[in-house]
Amino acid sequence: MPAQSKVHPFLMFEGKAEEAMRFYASLIPGSEILEMLRYGPGQPGPEGSVMKASVSLGGQIVLCTDSFVKHNFTFTPAVSLFVQCDSENEATRLSSALAEGGSILMPLGNYGFSRLFAWVNDRFGVSWQLNFE
């Protein structure tokens, strides 16, 4: 049987990967940082920055890095992390925490397609959709 490909979201930060991963893991139950490899002396990236990392967010593995190359792009809401919340309290808590220092694209409310929904960009620029049916 051939090896199966695995698809994971991949987030590229500019010096904030570890901070973002720790923040996300602290918010979502059942989350943990799985791996964190850093650039060392003489390597292409700034020493101590994240070369390659992975975090399990509620069971979904997300890959992260700190890019030392400056790009003309950043995160966009066209791609977001979707969280199916277990309760109204969880949706409210996550919406509030993720929006702090970021922006609210759709405030927490009933939009007809679910009982409670919010769409926010966090302080790192990553877009999140939070849903409670």
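The chain is numbered in sequence order, starting from 1.
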Inset, instruction - Establish whether Leu57 and Ile33 are linked, either directly or via other cluster members, by ILVMFWY side-chain heavy-atom contacts under 4.5 Å. - result: yes

Legend entry - Pairing residues for Gln60 by the side chain to side chain donor-acceptor pair (under 3.5 Å) criterion, not counting sequence neighbours: none

Inset, instruction - If a pair satisfies salt bridge (charged side-chain N to carboxylate O under 4.0 Å, His left out) and one of its residues is in residues 94-107, list it, with sequence neighbours excluded. - result: none

Inset, instruction - Examine Phe113 and Trp119 and state if one hydrophobic cluster contains both, with Ile, Leu, Val, Met, Phe, Trp and Tyr joined whenever side-chain heavy atoms are less than 4.5 Å apart. - result: yes

Inset, instruction - Check the hydrophobic clustering (I, L, V, M, F, W, Y; side-chain heavy atoms under 4.5 Å; chains of links allowed) and say if Leu11 and Leu63 are grouped together. - result: no

Inset, instruction - State the CZ-CZ distance between Phe13 and Phe75, to the nearest 0.5 angstrom. - result: 4.0 Å

Legend entry - Separation of Cys64 SG from Glu35 CD (nearest 0.5 Å): 11.0 Å

Legend entry - With sequence neighbours excluded, residues passing side chain to side chain donor-acceptor pair (under 3.5 Å) with Glu32: none

Inset, instruction - Quick one: name the residues clustered hydrophobically with Phe132, using the 4.5 Å side-chain heavy-atom rule over I, L, V, M, F, W, Y, and just say none if it's on its own. - result: Leu108, Leu116

Inset, instruction - Check ring-ring contact (aromatic ring centres under 6.0 Å, His included) between Tyr39 and all other residues, then give those that pass, not counting sequence neighbours. - result: Phe68

Inset, instruction - Kindly indicate whether the side chain of Met12, heavy atoms from C-beta on, has any atom under 4.5 Å from the side chain of Thr65. - result: yes

Inset, instruction - Please check if Val126 and Phe117 belong to a single hydrophobic cluster, counting links between Ile, Leu, Val, Met, Phe, Trp and Tyr side chain heavy atoms closer than 4.5 Å. - result: no

Side-chain donor-acceptor contacts of residues 18-28 below 3.5 Å, not counting sequence neighbours, with atom names and distances?
residue: Glu18; atom: OE1; partner: Arg38; partner atom: NH1; Å: 2.9
residue: Glu18; atom: OE1; partner: Arg38; partner atom: NH2; Å: 2.8
residue: Glu18; atom: OE2; partner: Arg22; partner atom: NE; Å: 3.0
residue: Glu18; atom: OE2; partner: Arg22; partner atom: NH2; Å: 2.9
residue: Glu18; atom: OE2; partner: Arg38; partner atom: NH2; Å: 3.1
residue: Tyr24; atom: OH; partner: Asp122; partner atom: OD2; Å: 2.5
residue: Ser26; atom: OG; partner: Phe23; partner atom: O; Å: 2.7

Check: residues 40-51 side-chain donor-acceptor pairs under 3.5 Å, at least two apart:
residue: Gln43; atom: OE1; partner: Gly40; partner atom: N; Å: 2.4
residue: Ser49; atom: OG; partner: Pro46; partner atom: O; Å: 2.7

Legend entry - For His71, side chain to side chain donor-acceptor pair (under 3.5 Å) partners two or more places apart: Ser67

Inset, instruction - Look up atom CD1 in Ile61 and atom NE2 in His8, then write down how far apart they are to the nearest 0.5 Å. - result: 5.0 Å

Legend entry - Counterpart residues, side chain to side chain contact (heavy atoms under 4.5 Å, CB included), relative to Ser103 (two or more places apart): Leu105, Asn121

Inset, instruction - Determine which pairs satisfy side chain to side chain donor-acceptor pair (under 3.5 Å) with at least one residue from residues 87-99, sequence neighbours left out, and list them in order. - result: none

Inset, instruction - Look at the side-chain heavy atoms of Ile, Leu, Val, Met, Phe, Trp and Tyr, link any pair under 4.5 Å apart, and say whether Trp128 and Tyr111 land in one connected group. - result: no

Inset, instruction - Mind checking side chain to side chain donor-acceptor pair (under 3.5 Å) for Glu133 and listing every partner two or more places apart, or none if nothing turns up? - result: Asn131

Inset, instruction - Please identify each residue that fulfils salt bridge (charged side-chain N to carboxylate O under 4.0 Å, His left out) with Lys70, with sequence neighbours left out. - result: Glu14

